[in-house]
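Reading through the structure tokens given below for one structure.
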Amino acid sequence: MVIFVFSVIVYLLLAWSGNGIDMAEVIIGIVLGAILAFAAKVWNPRKFFSFYGLNPARWGMFIIYLFGPFLLGMIKANLDVAMRVITGKIRPGIVRINSGLKGTLATTMLANSITLTPGTLTVDISEDPEGGNLFYIHWINVTDENPEEGLVYGTFGKWARRVAE
Amino acid sequence: MTLTVFAWAAGIIALCAFLMSGRLIAGPTVADRVVALDSINTLVVALMILLAVIYDSVVMVDVAIVYAGLSFVGTLFLARYIEGGV
Amino acid sequence: MNALIILFLIVGTLFNFLGTVALYRFPDVYTRLHGTTKCTTFGSIFTSAAVVLFALQKLASSGEGRFGTLAVHAVIAVAALLITNPTGAHAIARAAHRSGIMPKFAVVDRLAEDQKKKGGVSA
């Protein structure tokens, strides 16, 4: 369902010519969205008619996250990388963190946030036998070889849990 | 006046993309070359969006959207190749 | 408004240039990925934000619909870039580590240790 809604919205945004939309465009968008949704049924047949991912409260939270902590972290990350490019001071290493997240969507969101924020880059993800996903993170300035969550990516773990799980 | 600044920015970004091809040629490993190619793709998308303003045509932005998607698929395939899966 | 557009263009171009410098200055694949992914994504967001502001200004002053189209399409292009760029970086980093390229000057490498441990158990 979420795929259908997204396809229709993106199609209508692309077809909008600035002066309003024809009825024909809306019909074409709905037909194309239905075709895409049926094609995606192959991957996930159980969630076909569920409204998972269309909760407006979660989307509101996602917008707040995107323009609040994420934007701030991104600005900080770029100033940090700029300083390291100019001075050349690095102390790299790959550290391991148990995030405690289980859902695929939350894991994807956290991994992408980590890559775009200060000094960290997700290299690999594997499942911990005790529960949760293990993140292997390349950290450009290692200060602690067995770090806690908060030291590496701040509050992003909490946000990912709140928005996507 | 503003369009002149847009043109200068586009020129500098094009120069950066050109300079990156040095790493594309000289990179010691294949992974370095893929990194350079990925960044060149990002810069080309940014350049296309700027050129859409300079030449006053919306079609270039549509080309940029399709280019971003295709370059992503290309990067994934090259990563598979490095891993040894293809 | 014009000053803001020019400021965004200068910041975006500066970060794109820093990404180029990072590609030459850092010692190995992983640190290069750091520099290029962050700097080029951030720089492209800023130059595209300048384009969106320019289009909105033109839309307000002339009222032609095609400038609205320009703004919307530029936002969609940036969203596509923001999703695909870090994902491509993960793919490259994971493939590089699995193909045996180790990080230079690394003080700690938990991933290699864990893989060695796993290989030892199965063999």
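Below, chains carry the letters A, B, ... as their sequence lines are ordered, and counting in each starts from 1. Predicted model, so just to flag it, every value in this text is computed and none were measured.
Counting heavy-atom pairs under 4.5 Å between each of C:Leu70, C:Thr47, C:Leu23 and chain B puts C:Leu23 at the top. In terms of heavy-atom pairs under 4.5 Å with chain B, the best-connected choice from C:Ala95, C:Ala77, C:Ser44 is C:Ala95. The greatest number of non-hydrogen atom pairs below 4.5 Å with chain C, out of B:Cys16, B:Ala31, B:Ala46, is found for B:Cys16. Most heavy-atom pairs under 4.5 Å with chain C, from the set B:Val34, B:Asp56, B:Val66: that is B:Asp56. Among C:Thr13, C:Val51, C:Thr36, C:Ile10, the residue making the largest number of heavy-atom pairs under 4.5 Å with chain B is C:Val51.
Taken to the nearest 0.5 Å, the OG atom of B:Ser39 stands 8.0 Å off from the CG atom of C:Leu33. Atom CD1 of B:Ile65 sits about 5.5 Å away from atom CD1 of C:Ile76, to the nearest 0.5 Å. The CD atom of B:Glu83 sits 12.0 Å away from atom NE2 of C:His97, with the distance rounded to the nearest 0.5 Å. The distance from the CG atom of C:Asp28 to the OG1 atom of B:Thr29 is 9.0 Å, given to the nearest 0.5 Å. Interatomic distance, CD1 of B:Ile40 versus OG1 of C:Thr40, reported as 11.0 Å (0.5 Å rounding). Residue C:Thr87 holds its OG1 atom at 8.0 Å from CG of B:Leu76, rounded to the nearest 0.5 Å.
With a threshold of 4.5 angstrom between heavy atoms, B:Ile49 approaches chain C through its backbone and through its side chain. Residue contact with chain C, scored on non-hydrogen atoms closer than 4.5 Å, involves the backbone and the side chain of B:Thr42 alike. Contacts of B:Val45 with chain C are made by side-chain atoms alone, with heavy-atom separations under 4.5 Å and no backbone atom involved. For B:Asp32, the parts lying under 4.5 angstrom from a heavy atom of chain C are both the backbone and the side chain. Heavy-atom distances place no part of B:Asn41 under 4.5 Å from chain C, backbone and side chain included. Neither the backbone nor the side chain of B:Tyr67 comes within contact range of chain C, judged by heavy atoms closer than 4.5 Å.
Between B:Phe72 and C:Gly88, the closest heavy-atom pair is CE1-N, 3.9 Å. Shown here for C:His73 and B:Asp62, the closest heavy-atom pair between the two residues is ND1-OD1, 2.5 Å. Residues B:Pro28 and C:Arg32 share a closest heavy-atom pair of CD-NH1, 4.4 Å. The two atoms that bring C:Arg66 and B:Val58 nearest to each other are O-CG2, 3.9 Å, heavy atoms only. B:Ala68 and C:Leu81 get closest at one heavy-atom pair: CB-CD1, 4.3 Å.
In this structure, the side chains of B:Val35 and C:Tyr30 stay at 4.5 Å or more apart for every pair of heavy atoms. Annotation: side chain of B:Leu3 is in contact with side chain of C:Phe54 (closest heavy-atom distance under 4.5 Å). Residues C:Leu9 and B:Leu50 have side chains in contact (heavy-atom distance under 4.5 Å, counting atoms from C-beta outward).
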*Derivation of the side-chain contact (heavy atoms from CB on, under 4.5 Å) call for C:Phe67 and B:Val53*: CA-CA 10 Å; C:Phe67 289 112; B:Val53 168; over 6 Å; no
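In the displayed structure, B:Phe18 atom CZ is contacted under 6.0 Å by at most 12 heavy atoms of other residues, nucleotides or ligands.
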